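All values reported here derive from a predicted model rather than from experimental measurement. What you see below is based on every heavy atom in this structure, not just the backbone, and it leaves out hydrogens, waters and symmetry mates.
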Amino acid sequence: MEQPWIHKAKTDSLLIIGPSFFVLAVVLVFQDYITSIEDNYSFYTWLFLIVFIDVAHVYATLFKTYFVKEEFLKDKKRLILLPVICFVTGMVLFSFGSLIFWSFLAYIAVFHFIRQQYGFMRLYARNEVKTKTSVWIDNLAIYASTIYPMLFWFFSPERKFNWFVENEFFRFESEVILEILFWAYIAILSLYVIRTIIVSVKTKFFNIPKNSIILGTVLSWYFGIVYFNDDLIFTLLNVVSHGIPYMALVYFKEIDGKGGKEIGVLTYLKRYNGVLIYIGILVVIAFSEEFLWEFFVWNENIAVSTNFDFSGWQFLLVPLLSVPQFTHYILDGFIWKTKK
């Protein structure tokens, strides 16, 4: 049986599976330097991690939806209504306070991040002979890899990082709950490892990409949230391990993997250094969005002077600027589903 790569062994290893391992290696080698930095975010750190990866990956969804005429027409109603619903929902939430808005968005984001790892695991398991037990154990392993670190965050002493803003998650310190969760986590991962060894020996086949994506998820989420208590390390492991694989998946599946008739005008990205154009488009859109955030809301990383005070308009500006992000979180749960 051939290994079930999404694209090719080299590209999958480098851009989908590899980021988790690469970033963790960098963190472990340079951890003393990283943790010694008082101000973890320079302008260039913010630009590379937040703008060029985190925000940019949101807009990769465009290349599977709004930028593809066939896909847009096929799901026209959802693609038009969902951003409107997200905007209205955002305004309603913000009317109860900015913390309510950001907390809601944070929980949706966490769910989205967890489901992406589940999706990659399922893609790499697509050729396996499945039973109810095998699917159940695989699901248990990938969800334990992501949910345990989040529950640790909720029930442990205060962490030095946030998803969006301070106090966004429900928190309740409990050593007893943490102990129970830890041993449940170990038991689930042990069950997965034992079953994988037995099945691999029996079938004489070891699914490299599926097991690598699960291992990478375990390591990046555990070290990013549980082991280290550092804002920059959390962001590195969280953003890079999520954003780069997603952008790569969209390019491999929706541009490189499809013919001209299927992707229409995007066929030009298959020529003329298409990867560079694809990345360039994402970076330009992402920077444009972040510039608007800085100008209207944050004013932290890009200093823009204006005589107008936008503070009274936050109830409108924040939900509006969040629409691409919010839409991406929800839409991503639909566009990758297939009957196959």
Any idea which heavy atoms bring P19 and I244 closest together, and the distance? CG-CG2, 4.0 Å
Can you pull out every side-chain hydrogen bond (donor to acceptor under 3.5 Å, both in side chains) where at least one residue sits in residues 76-91? Sequence neighbours excluded, please. D75-R78
For K160, give me all partners under salt bridge (charged side-chain N to carboxylate O under 4.0 Å, His left out), at least two apart in sequence or on another chain. none
Roughly how far, to the nearest 0.5 Å, is the CG atom of N238 from the CZ atom of F234? 4.0 Å
side-chain hydrogen bond (donor to acceptor under 3.5 Å, both in side chains) partners for R115, two or more places apart: Y143
With R195, which residues qualify under salt bridge (charged side-chain N to carboxylate O under 4.0 Å, His left out), at least two apart? none
List, by chain and number, the other hydrophobic cluster members for V135, where Ile, Leu, Val, Met, Phe, Trp and Tyr join if side-chain heavy atoms come within less than 4.5 Å, directly or indirectly. none
Donor-acceptor contacts, no H, no angles, side chain residues 91-104, under 3.5 Å, sequence neighbours left out:
residue, atom, partner, partner atom, Å
S95, OG, V92, O, 2.4
S103, OG, L99, O, 2.8
S103, OG, E168, O, 2.8

Listing request: all side-chain hydrogen bond (donor to acceptor under 3.5 Å, both in side chains) pairs with a residue in residues 317-327, at least two apart in sequence or in separate chains. Q325-Y329
Crowding at CZ, F154 (>12 non-hydrogen neighbours, <6.0 Å): yes
Note: with side-chain heavy atoms under 4.5 Å as the link, the other cluster members for I198 come out as I194
Output a table of donor-acceptor pairs, distance under 3.5 Å, between side-chain atoms of residues 204-214 and any protein atom two or more places apart or on a different chain; print 'none' if there are none.
residue, atom, partner, partner atom, Å
N207, OD1, K210, N, 3.1
N207, ND2, Y124, O, 2.8
N207, ND2, E128, OE2, 3.0
K210, NZ, E128, OE1, 3.2
K210, NZ, E128, OE2, 3.3
K210, NZ, D138, OD1, 3.2
K210, NZ, D138, OD2, 3.1
N211, OD1, Y192, OH, 2.6
N211, ND2, N207, O, 2.7
S212, OG, I208, O, 2.7

Can you list the residues that meet the side-chain contact (heavy atoms from CB on, under 4.5 Å) rule with V239, with sequence neighbours excluded? I53, D54, T235
Please output the side-chain donor-acceptor pairs of residues 178-191 that fall under 3.5 Å, not counting sequence neighbours, one pair per line with the distance.
residue, atom, partner, partner atom, Å
E179, OE2, W183, NE1, 3.0
S190, OG, I186, O, 2.7

Tell me if the centroids of the rings in H328 and Y246 come within less than 6.0 Å of each other. yes
Test side-chain hydrogen bond (donor to acceptor under 3.5 Å, both in side chains) applied to T131 - qualifying residues, sequence neighbours left out: S134
